[in-house]
Each structure stands twice: as C-alpha cells, then as structure tokens.
Amino acid sequence: MRLTLEQLRACIRRIPRGKVATYGQVAAAAGFPGRARQVVWALRAPPGARLPWHRVVAAGGRIALPGEAGFEQRLRLESERVAFTGARVDMKRHAFDFTRSA
DNA sequence: GTTATGACTCGTA
DNA sequence: ATACGAGCCATAA
C-alpha cells in the first residue's frame with residue numbers, strides 16, 4: 001500500500017545532513033522490520049518529492065546504487081562531509097540513530 | 001489469478 | 001574476501 005511507502009518516506013526525510021541510514025534501518029524505524037526492499041520503492045520518489053535519497057545506503061555503508069547514479073550519490077554524500085573508507089561510508093561516524101533522535 | 005524483478009539483508013560456507 | 005539460498009513484498013507484465 002501507499003501508506004507504508006509514505007511512512008518509509010517520512011523516516012527517510014528525518015535523516016539529517018551528514019548522516020546516512022541503511023535500507024534495513026529505515027524499514028525497521030518505520031515499523032516494518034525485514035522489508036528493506038520496500039524502501040527501494042519508497043525511494044522512487046514521485047517528481048517533486050523532496051527526499052534525501054542519497055542518505056540511504058546498503059548494509060555496512062555500501063553504495064547499492066549501480067553505475068553513474070552510485071557515483072553521484074557518493075559525490076552528494078561527500079559534499080555533506082560524509083567520510084568514506086574505501087568504497088564504504090564510515091558508519092562508525094555517520095550512521096543515523098533513529099531511536100535516539102526525536 | 002500468475003510470474004518476474006529489484007538501489008536488500010542475513011546466515012552459512 | 002566471494003557465493004549462494006531464503007525471506008521479503010510492491011509493481012509491472
């Protein structure tokens with residue numbers, strides 16, 4: 001249902017600048033543990049939806065978006081001062097903790 | 001109704 | 001490090 005996608009989007013919008021969350025984290029925070037794949041559909045933002053899609057990464061800080069799009073995601077994150085270790089986001093520093101923020 | 005696909009994750013080997 | 005299988009479910013055909 002759309003309902004769930006909107007809830008997922010709401011969680012995605014809570015990720016602050018300079019932080020990232022994994023697909024699994026977003027799903028769990030929205031109340032749908034185990035539904036990481038649905039986050040993908042939530043990220044297919046309708047035109048005009050302001051969604052920080054680049055702040056959602058795969059488990060372990062991996063960039064899941066393939067090809068040029070993935071490159072762009074990395075650039076966007078780096079422009080927000082998100083540090084990378086090799087091909088991964090440094091989750092130690094930039095993982096967003098949903099439970100600790102309002 | 002069915003099957004296939006995907007920016008996934010986790011456990012196991 | 002890689003590879004595979006199972007679980008996941010909204011969309012598309």
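A, B, ... follow the sequence lines: proteins, then strands. Residue 1 opens every chain.
Taking Arg35(A) as the reference, nothing meets the side-chain hydrogen bond (donor to acceptor under 3.5 Å, both in side chains) condition, with sequence neighbours excluded. Applying the salt bridge (charged side-chain N to carboxylate O under 4.0 Å, His left out) criterion to Arg88(A), with sequence neighbours excluded, gives no partner residue. Considering only residues two or more places apart in sequence or on other chains, Arg44(A) meets the salt bridge (charged side-chain N to carboxylate O under 4.0 Å, His left out) condition with none of them. Residues forming a salt bridge (charged side-chain N to carboxylate O under 4.0 Å, His left out) with Arg100(A) (at least two apart in sequence, or on another chain): Asp97(A). Taking Arg37(A) as the reference, nothing meets the side-chain hydrogen bond (donor to acceptor under 3.5 Å, both in side chains) condition, with sequence neighbours excluded.
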Residues 18-28 of chain A, side-chain donor-acceptor partners within the protein, below 3.5 Å, at least two apart:
residue	atom	partner	partner atom	Å
Lys19(A)	NZ	Arg93(A)	O	3.2
Thr22(A)	OG1	Gln25(A)	N	3.0
Gln25(A)	OE1	Thr22(A)	N	3.0

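Taking atom C1' on both nucleotides, dC8(C) is separated from dT5(B) by 13 Å, rounded to a whole Å. Remark: the separation of the P atoms in dA7(B) and dA6(C) is 22 Å, to the nearest Å.
Residues of residues 69-95 of chain A that place a heavy atom closer than 4.0 Å to DNA chain B do not occur.
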Could you list all N or O pairs between the protein and nucleotides 8-10 of chain B that sit under 3.5 Å apart?
residue	atom	partner	partner atom	Å
dC8(B)	N3	Arg37(A)	NH1	3.0
dC8(B)	N4	Arg37(A)	NH1	2.2
dT9(B)	OP1	Ala59(A)	N	2.9
dT9(B)	OP2	Ala59(A)	N	3.0

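Between the CD atom in Gln73(A) and the CD1 atom in Ile63(A) there is a gap of 4.0 Å [rounded to 0.5 Å].
Residue pairs meeting the side chain to side chain donor-acceptor pair (under 3.5 Å) criterion with at least one partner in residues 55-71 of chain A, sequence neighbours excluded, are Arg55(A)-Glu80(A).
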